[in-house]
Amino acid sequence: MNGVHARARKSRASCLPEAALPWLSPGQRWAAAPSSEAELLERAHRLAGCTVADLAACFDVSLPSHGVRAKGLVGALVERALGATARSASIPDFPELGIELKTIPLDARGRPRESTFVCTVRLRDIADSAWEASPVCSKLTRVLFVPIEAGTTLSLGERRIGAARLWSPTRSQQSALRADWEELAGVIGRGDVEQITAHLGLHLQIRPKAASSHVRGRGSDEHGAPVRTLPRGFYLRASFTASIFK
DNA sequence: TATTGATCATGC
DNA sequence: GCATGATCAATA
């Protein structure tokens, strides 16, 4: 059974543990876009300390009683609270600022609990593209990581927003990601997409990205001829994102 | 227990 | 179907 939801009942005022969120007005469904990077960072800092339940109450959103139904919910709530404007378009969450937003669950020791999805693998043209022009490189140019304190003892609503960090890859991180990407792109370019496993890549890996393992998307074989295969995505390993929060 | 492969929700 | 947002849960 999956229809049982617990509606958050706290008033808007209770979503402000320490500081007000002045850019949010009562009843607002989505925050207005921040006008500058400074404003975005200010908002992110003020969100620190809020719980997921607080945020859900702000927007009158029900929290699923079972975590399996909540995938992506925290990310969507933070988007709304910070005023991301991209919605589901293939552009940065804050297009005018060139900033991508990612929430990342941390365990009690401050280590990422999960890998981080980056983007879908463009199976048909990745072999002919360069790292610098790749969606992976673009997406990871400037990322606002919003950590979520998500220890195993905490329920979804008890999870707490942490201190955000605006990150850009260092030169060594950039070259390491590039090396992984080029290895993976090479395998796909040889027409060996079915040989790809999540074991490949030191920091960047490829894993399925689909509603189920039966889904088929469009790819190319080694001659460029169309093939149908499981859609896949690039993910950052938790060991990589851990270095961002050290 | 860390990791991989599979899966869930929403919008267009 | 494909884009966004991710975490679940079986297994190594």
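Small disclaimer: the values here were computed from a predicted structure and weren't measured. Below, all heavy atoms of this structure are taken into account, side chains as well, without hydrogens, waters or symmetry copies.
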- Item | Residues that A/Arg159 engages under salt bridge (charged side-chain N to carboxylate O under 4.0 Å, His left out), provided they are two or more places apart | none
- Query: What residues form a side-chain contact (heavy atoms from CB on, under 4.5 Å) with A/Glu42, not counting sequence neighbours?
  - Reply: A/Arg46
- In whole angstroms, how far is the P atom of B/dT10 from the CG atom of A/Leu77? 12 Å
- Considering the terminal five base pairs at each end of the helix from B/dT1-C/dA12 to B/dC12-C/dG1, what angle separates the two local helix axes, rounded to 10°? 30°
- Return the set of residues passing salt bridge (charged side-chain N to carboxylate O under 4.0 Å, His left out) with A/Arg111 (not counting sequence neighbours), or none when no residue passes. none
- Can you give one letter per nucleotide of nucleotides 5-12 of chain C, 5' to 3': B if a protein heavy atom sits under 4.0 Å from the base, S if only from the sugar-phosphate, - if neither? BBBB----
- Message: Using whole Å, what does the distance between atom C1' of nucleotide C/dC2 and atom CZ of A/Arg232 come to?
- Response: 16 Å
- Item | Contacts of A/Glu100 that satisfy salt bridge (charged side-chain N to carboxylate O under 4.0 Å, His left out) - sequence neighbours left out | A/Lys139
- For A/Pro231, the side-chain contact (heavy atoms from CB on, under 4.5 Å) test, sequence neighbours excluded, returns A/Ala210, A/Val215
- Query: What is the distance, rounded to the nearest whole Å, between atom CZ of A/Arg122 and atom P of C/dC2?
  - Reply: 12 Å
- Those residues of residues 187-195 of chain A lying under 4.0 Å from DNA chain B by at least one heavy atom: none
- Starting from P on B/dT10, measure out to CZ on A/Arg80 and report it in whole angstrom. 12 Å
- Note on the structure: Tracing side-chain contacts under 4.5 Å among Ile, Leu, Val, Met, Phe, Trp and Tyr outward from A/Tyr235 reaches A/Phe117
- OP1 or OP2 of B/dT7 sitting under 4.0 Å from any side-chain N/O of A/Ser213? yes
- A/Phe240 atom CZ is separated from B/dT3 atom P, nearest whole Å, by 15 Å
- Only pairs at least two apart or in different chains count here, so list each side-chain hydrogen bond (donor to acceptor under 3.5 Å, both in side chains) that has a residue in residues 215-233 of chain A. A/Glu194-A/Thr229, A/Glu194-A/Arg232, A/Thr229-A/Arg232
- Whole Å only: how far is the CG atom of A/Leu156 from the P atom of B/dC8? 17 Å
- Item | With sequence neighbours excluded, residues passing salt bridge (charged side-chain N to carboxylate O under 4.0 Å, His left out) with A/Arg207 | none
- Exam field: side chain A/Glu158 to backbone A/Ser155, donor-acceptor pair closer than 3.5 Å: yes
- Task: Taking only Lys NZ, Arg NE, NH1 and NH2, and the carboxylate oxygens of Asp or Glu, determine whether A/Asp107 and A/Arg109 approach each other closer than 4.0 Å.
- Result: no
- Query: To the nearest Å, how far apart are A/Leu236 CG and B/dT4 C1'?
  - Reply: 16 Å
- Query: Restricting to pairs with a member in residues 78-106 of chain A, which pass ring-ring contact (aromatic ring centres under 6.0 Å, His included), not counting sequence neighbours?
  - Reply: none
